[in-house]
There are 2 protein chains.
Amino acid sequence: MNEKTTPKRGRPKTLDRDQVVQVALMQYWSKGPTVVSISDICGLTGTSKPGVYREFGNDDGLKASVLETYHRLAIQPLIDILEKDQSTTVTINALIDFMTQDRTELNIPQGCLFVMMRAHAQQLGPSTCNKLQEARRNLLDTYEAWVMRSKSRGEFADIPTDIAALFIDIQHGGAMRMQREGAANDTIASVLRSALGVLAMGKRAGARTN
Amino acid sequence: MNEKTTPKRGRPKTLDRDQVVQVALMQYWSKGPTVVSISDICGLTGTSKPGVYREFGNDDGLKASVLETYHRLAIQPLIDILEKDQSTTVTINALIDFMTQDRTELNIPQGCLFVMMRAHAQQLGPSTCNKLQEARRNLLDTYEAWVMRSKSRGEFADIPTDIAALFIDIQHGGAMRMQREGAANDTIASVLRSALGVLAMGKRAGARTN
DNA sequence: AGGTTTTCGTACCTCTAGTTACATTAATCA
DNA sequence: TGATTAATGTAACTAGAGGTACGAAAACCT
């Protein structure tokens with residue numbers, strides 16, 4: 001049910017929801033989610049403010065929609081890498097390659113909108129924050145599932161699963177932030193190799209129990 | 001020269017610069033540097049807005065002053081740990097202990113103002129950004145110096161110095177962000193042990209050259 | 001054609017941020 | 001006492017943000 005019914009009554013809609021989301025997405029991603037105003041987006045899309053408010057309710061609604069789209073667009077590929085059943089080291093390398101792609105030649109902004117939004121959560125509305133939490137849980141769960149599969153193959157270091165997931169999350173965030181601040185992708189890749197390299201296999205000297 | 005001359009001429013100053021900086025510091029630290037307004041700080045310190053502007057020039061000036069104070073207060077101790085000549089593992093443990101102190105019982109906000117400011121750099125003025133860069137270079141240099149000393153003692157893993165410094169920076173930022181988001185200090189410490197543990201000694205299996 | 005329905009966009013509102021003009025106050029000096 | 005100096009704080013201003021009231025427009029149905 002709830003098929004996109006096409007009621008022919010009334011003035012036809014001209015507002016292009018997807019376009020607004022796309023433009024907002026690129027703006028938030030390239031300039032920061034708290035720096036771009038609704039008016040900016042209206043100007044860039046040629047829509048009116050009431051149009052945007054009719055479609056998304058409010059600022060929070062727009063940002064939440066954008067985040068949803070961003071998840072499909074930029075986070076899912078990362079998840080896909082983790083869910084493909086490959087050896088641990090191959091997956092790690094794929095992750096690194098994915099994170100350190102050359103963004104300029106793909107016309108994609110540097111950094112990660114999800115990571116940026118997390119850092120600006122204080123200035124975001126409740127729906128956006130919910131979606132943020134959701135996305136985070138989703139990612140952490142994916143990390144954990146991957147770690148557990150890796151462990152079952154005996155290919156993973158002796159680190160508690162939840163800790164490992166948080167560790168990966170930190171490296172991802174760090175890489176995205178470095179990229180955003182202009183670091184060379186080679187440099188970022190080196191750091192990631194040093195960091196994620198630990199996860200594969202080897203027993204490490206036990207860390208202090210403290 | 002330029003001793004704090006105490007000219008008795010004119011109306012005596014009542015504005016307490018240090019108090020304003022302290023209050024602003026705590027506000028920025030606990031609520032985020034871009035969420036607290038000048039008016040808020042005026043309200044909390046009982047000073048007038050023109051008073052603040054006379055003293056700091058503008059928002060940017062106040063934030064820059066706060067960051068300077070924050071550096072002395074919260075970053076220097078971390079630097080001190082690194083500059084104390086101790087074995088690599090002892091230093092690492094000291095770093096972890098320092099980062100995962102219980103903040104609530106010390107009446108110190110969670111997280112790190114410096115890390116937060118970096119994430120909000122787009123919304124900060126030029127002086128603040130300069131001080132931010134400066135502080136970052138200072139930290140990275142300290143990391144590098146420590147790494148080199150560790151290496152010369154043969155106590156450090158086979159990782160390029162600059163990469164190691166960036167790696168440490170990421171772990172620090174990650175830990176501070178986790179703390180801010182409410183993670184338990186024990187959890188954070190576990191992640192840090194897994195992460196920083198790599199730095200000490202052992203030859204690791206060479207990461208892919210790619 | 002005239003009513004109905006749905007969307008449109010101009011022009012506004014409110015609120016808060018950063019910032020400043022200016023008259024006032026409180027001290028010293030002559 | 002009155003001039004000088006240096007600080008004070010009230011009360012504004014400007015700009016831009018999020019958000020909305022409301023009449024016009026564009027389709028349909030009868």
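Here is how names work: the chains are called A, B, and so on, in the same order as the sequence lines, proteins then strands, and each is numbered from 1.
At a cut-off of 3.5 angstrom, the base of dG9(D) holds no donor-acceptor pair with the side chain of Arg11(B). Put simply, the side chain of Arg54(A) and the base of dG19(D) share no donor and acceptor less than 3.5 Å apart.
Of the two residues near DNA chain C, Lys13(A) and Val36(B), the one whose nearest nucleotide lies more 5' is Lys13(A).
Taking atom CG of residue Asn58(A) and atom C1' of nucleotide dA17(D), one finds them 14 Å apart after rounding to whole Å. Spacing between atom CZ of Arg9(A) and atom P of dC8(C) amounts to 17 Å, rounded to whole angstrom units. One atom, CD1 of Ile38(B), and another, P of dC13(D), lie 21 Å apart when rounded to the nearest Å. To the nearest angstrom, P of dA17(C) lies 14 Å from CD of Gln123(B). The nearest whole Å value for the distance from the CG atom in Asp40(A) to the C1' atom in dG18(D) is 12 Å. At whole-Å resolution of the value, NZ in Lys49(A) and C1' in dC8(C) are 16 Å apart. In this entry the distance linking CG of Asp60(B) with P of dT19(C) reads 9 Å, nearest Å. Whole-Å rounding puts the Tyr53(B) OH to dC13(D) C1' distance at 13 Å.
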> Could you go step by step and tell me if Arg180(B) and Cys112(B) meet the side chain to side chain contact (heavy atoms under 4.5 Å, CB included) rule?
Replying inline: CA-CA 8 Å; Arg180(B) 189 149 183 80; Cys112(B) 171; over 6 Å; no
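A salt bridge does not link Lys84(B) with Asp80(B): every distance from a Lys NZ or Arg NE/NH1/NH2 to an Asp or Glu carboxylate oxygen is 4.0 Å or more. Between Asp169(B) and Arg118(B) there is a salt bridge, since a side-chain N of the basic residue sits under 4.0 Å from a carboxylate O of the acidic one.
Distances were taken from every side-chain heavy atom of Pro50(A) (C-beta onward) to each of dG9(C), dG19(D), dT8(D); the shortest belongs to dG9(C). Distance from the side chain of Leu15(B) is smallest to dT8(D) among dA17(D), dT8(D), dA17(C). Side-chain proximity of Thr14(B) to the nucleotides dT8(D), dA25(D), dT5(C) is greatest for dT8(D). Closest to the side chain of Pro12(B), out of dA17(C), dA17(D), dA26(C), is dA26(C).
Heavy-atom neighbours of Gln76(A) CD from other residues, nucleotides or ligands within 6.0 Å: above the threshold of 12.
Aromatic ring orientation, Trp29(A) versus Tyr70(A): perpendicular (interplanar angle above 60°, classes split at 30° and 60°).
Taking side-chain N and O atoms only, Ser37(A) has a distance below 4.0 Å to OP1 or OP2 of dA17(D).
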